[in-house]
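Quick caveat: nothing in here was measured; it's all calculated off a predicted structure.
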Amino acid sequence: MPVHLEHVTQPTEQDWIDLGKIYSDAPQEWLNDPSDIKGSIQALLDQGTWFISGRFNARLLGAMKAEQKNNEVTLSHFCVRKITVNRGVAHQMLHHMSTWADKNGYTLIAKGVSKELANPLIKRDFIAENDTYVRNPK
């Protein structure tokens with residue numbers, strides 16, 4: 001399943017439904033109000049936070065929060081829809097982010113990574129530093 005990376009700035013109604021499904025199983029501390037996923041994500045978007053999503057056949061399957069400061073982009077809040085776990089969505093999203101970062105000279109920093117995502121990060125040349133993974137541009 002080919003996943004395309006997308007910077008979501010103004011989610012459509014279907015995107016909101018998909019984001020709700022993506023983040024329904026996320027750790028509660030990731031959201032201002034876990035009972036209001038849309039409101040929590042909208043508040044982050046209003047603050048200028050990026051949401052990078054993986055799209056397949058017009059549907060969002062995965063998403064992550066991204067914040068840029070100088071030449072570093074910090075990735076967090078990485079979630080994939082439960083129904084698509086183990087189908088390569090996270091791997092493809094990381095591949096596309098790594099390619100973009102290399103092209104633009106950005107260091108990627110992944111924080112709050114689940115155990116399941118640690119190996120895909122390492123396979124994408126991220127280096128573990130305590131609970132953070134860092135990937136310098138090639």
Do Leu60 and Phe51 share a hydrophobic cluster (ILVMFWY, side-chain heavy atoms under 4.5 Å, transitive)? yes

Leu117 vs Leu94, side-chain contact (heavy atoms from CB on, under 4.5 Å): CA-CA, chis, key distance, verdict: CA-CA 10 Å; Leu117 196 54; Leu94 288 170; 3.7 Å; yes

Any chance you could measure Thr132, atom OG1, to Phe126, atom CZ, to the nearest 0.5 Å? 11.5 Å

Extract all donor-acceptor atom pairs below 3.5 Å that involve side chains of residues 2-11 and protein atoms in other chains or at least two apart in sequence.
unit_1 : atom_1 : unit_2 : atom_2 : d
Glu6   : OE1    : Arg55  : NE     : 2.6
Glu6   : OE2    : Arg55  : NH2    : 2.9

So, do Thr74 and Lys111 sit near enough that their side-chain heavy atoms are less than 4.5 Å apart? yes

pair Met93-Phe78: side-chain heavy atoms closer than 4.5 Å: yes

Side-chain donor or acceptor of Thr49 paired with backbone N/O of Leu44 under 3.5 Å: yes

Could you state whether Met64 and Leu45 fall into the same hydrophobic cluster, counting links through intermediate Ile, Leu, Val, Met, Phe, Trp or Tyr residues with side-chain heavy atoms under 4.5 angstrom apart? no

Tell me the closest heavy-atom pair linking Leu108 and Ala101, and the distance in Å. CG-CB, 3.7 Å

Are side-chain heavy atoms of Ile52 and Met97 found at a separation under 4.5 Å? yes

Any residue meeting side-chain contact (heavy atoms from CB on, under 4.5 Å) with Ser40, in chain and number order, not counting sequence neighbours: Leu31, Asn32, Asp33

With sequence neighbours excluded, what pairs up with Glu129 under the side-chain contact (heavy atoms from CB on, under 4.5 Å) test? Val134

Any heavy-atom pair between the side chains of Arg135 and Ser98 that's under 4.5 Å? yes

Is the backbone of Thr12 close enough, under 3.5 Å, to the side chain of Asp15 for a donor and an acceptor to pair up by distance? yes

Quick check: is Ile122 connected to Val89 through a chain of hydrophobic side chains (ILVMFWY, heavy atoms under 4.5 Å apart)? yes

Note, Ile109 side chain near Val73 side chain (heavy atom, < 4.5 Å): no

Nearest non-hydrogen partners of Ala118 and Val113, listed with the distance: N-CG1, 3.8 Å

State the CG-CD distance between Leu19 and Gln14, to the nearest 0.5 angstrom. 10.0 Å

Roughly how far apart are Glu67 CD and Gln47 CD, rounded to 0.5 Å? 8.5 Å

Between NE2 on residue His91 and CG on residue Leu121, distance to nearest 0.5 Å: 9.5 Å

Donor-acceptor pair, Tyr23 side chain versus Trp30 backbone, under 3.5 Å? no

Do side-chain atoms of Asp102 reach the backbone of Lys138 as a donor and acceptor pair under 3.5 angstrom? yes

Contacts of Glu72 that satisfy salt bridge (Lys or Arg N to Asp or Glu O under 4.0 Å) - sequence neighbours left out: none

Between Ile22 and Ala63, what is the shortest heavy-atom contact and its length? CG2-N, 4.1 Å

Tell me every residue that passes side-chain contact (heavy atoms from CB on, under 4.5 Å) with Ser24, counting only those two or more places apart in sequence or in another chain. Ile37

Could you list the residues that satisfy side-chain contact (heavy atoms from CB on, under 4.5 Å) with Lys21, not counting sequence neighbours? Ile17, Arg59, Arg81

